[in-house]
Trainee: 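This is the structure, below, for whatever I ask next.
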Amino acid sequence: MNILDLEFVKGFIRMCNDGFNQGWHERNGGNLTYRIKEEDLKDVRDLLNTDGEWLEIGTEVPSLANEHFLVTGSGKYFRNVILDPESNIAIILIDETGTKYQIQWGLKDGGKPTSELPSHLMNHAVKKEVSGGKHRVIYHAHTTNTIALTFVLPLKDEIFTRELWEMATECPVVFPSGIGVVPWMVPGGKDIAVATSNLMKEYDVAIWAHHGMFVSGEDFDLAFGLMHTVEKAAEILVKVLSITPNKLQTIQADEFRQLAKDFNVTLPEKFLYK
Ligand code: 2HA
Ligand code: ZN
């Protein structure tokens with residue numbers, strides 16, 4: 001059994017390529033991490049290198065102790081993942097304290113996991129807890145239209161959620177809990193990781209002002225589909241705002257309430273303020 005034959009590795013590589021093809025991963029932009037099911041490693045244990053150095057994560061994730069993750073590499077380009085996965089992605093193990101990691105496969109020409117590892121792992125820790133272990137994918141992309149909106153809309157969860165819900169009837173069904181917004185912060189460190197993971201307690205989507213988006217999902221299809229849906233809604237809103245500052249008609253609060261009933265989702269009232 002080769003690591004590249006594992007289904008979750010194939011799904012991860014396909015998602016990197018899909019994201020690149022959407023135009024969300026210029027240069028080394030964006031990153032992807034997957035919390036591996038331990039049973040999926042059973043046939044490849046002997047291919048994992050357990051002698052490597054233990055490196056600091058830069059934050060603490062004790063609830064992820066002894067878990068393996070598949071991650072994109074820092075400075076690596078999404079467009080190259082499909083051509084040479086072993087140089088651009090890695091399997092890492094978190095130590096028993098949740099403060100260090102070891103590279104066990106991949107990044108064969110050297111390198112480190114994504115510069116956003118603190119945000120990814122803190123999001124995984126939150127999502128593992130609130131989803132009862134179901135969420136396994138954290139995805140960060142430089143989604144053009146969503147970024148554009150962070151220059152013109154107030155950076156408030158209520159505004160982004162409501163405006164994007166209005167852009168397509170399926171939006172409130174796809175992200176019923178809404179969207180959190182992180183104001184501009186320096187990326188790559190613990191502070192932005194704490195801010196983002198706090199929002200992930202409530203939401204599956206967090207927007208980083210003037211930077212991009214983070215989403216969480218149970219699997220690659222759900223995480224990619226969520227990113228795609230939010231970004232498409234943002235594209236529609238950019239077009240609407242480019243045509244006119246005032247919508248002539250839109251979906252009303254009571255119509256969202258009807259939708260929630262028929263589609264069996266809970267839409268928080270804080271987003272139905274007008
Ligand atoms: O370059 O996207 O946020 C990788 C990134 C950092
Ligand atoms: Zn980024």
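Because the structure is a prediction, the values reported are computed rather than measured. The figures here come from the full heavy-atom set of this structure, side chains too, leaving out hydrogens, waters and symmetry mates. If you read the sequence from its start, that first residue is 1, and numbering goes on from there. Just so you know, ligand 1 is whichever comes first in the structure, and atom 1 is the first atom listed for that ligand.
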Trainee: Checking one value in my table: which N/O/S atom of H142 lies closest to the Zn ion (ligand 2)?
Mentor: NE2

Trainee: Name the residue from D95, L121, I92, T97 that meets the side chain to side chain contact (heavy atoms under 4.5 Å, CB included) definition with I57.
Mentor: L121

Trainee: Distance from L155 atom CG to L149 atom CG, nearest 0.5 Å?
Mentor: 10.5 Å

Trainee: When you look at H211 and H142, which way does the ring pair (Phe, Tyr, Trp, His ring centres under 6.0 Å) test go after all the steps?
Mentor: CA-CA 6 Å; H211 184 144; H142 294 175; 4.8 Å; yes

Trainee: What are the distances between nitrogen or oxygen atoms of ligand 1 and protein nitrogen or oxygen atoms, counting only those under 3.5 Å?
Mentor:
unit_1	atom_1	unit_2	atom_2	d
ligand 1	1 (O)	N28	O	3.1
ligand 1	1 (O)	N28	ND2	3.3
ligand 1	2 (O)	G30	N	2.9
ligand 1	2 (O)	H140	NE2	3.3
ligand 1	2 (O)	H142	NE2	2.9
ligand 1	3 (O)	E116	OE2	2.5
ligand 1	3 (O)	H140	NE2	3.3
ligand 1	3 (O)	H211	NE2	3.0

Trainee: Any link between M1 and I13 through a network of hydrophobic side chains (Ile, Leu, Val, Met, Phe, Trp, Tyr) touching at under 4.5 Å?
Mentor: yes

Trainee: Please name the atom of H211, limited to N, O or S, that comes nearest to the Zn ion (ligand 2).
Mentor: NE2

Trainee: Should the pair E7-K37 be classified as a salt bridge under the 4.0 Å nitrogen-to-oxygen rule?
Mentor: no

Trainee: Could you go through residues 60-70 and list every donor-acceptor pair under 3.5 Å that involves a side-chain atom there, pairing it with any protein atom two or more places apart or in another chain?
Mentor:
unit_1	atom_1	unit_2	atom_2	d
E60	OE1	K190	NZ	3.2
E60	OE2	K190	NZ	3.3
E67	OE1	R35	NH1	3.4
E67	OE2	K128	NZ	2.7
H68	ND1	E38	OE1	3.1
H68	ND1	E38	OE2	3.0
H68	NE2	Q104	OE1	2.9

Trainee: For the Zn ion (ligand 2), what is the closest N, O or S atom on H140?
Mentor: NE2

Trainee: Check whether more than 12 heavy atoms from other residues, nucleotides or ligands sit under 6.0 Å from atom CZ of R257, and answer yes or no.
Mentor: yes

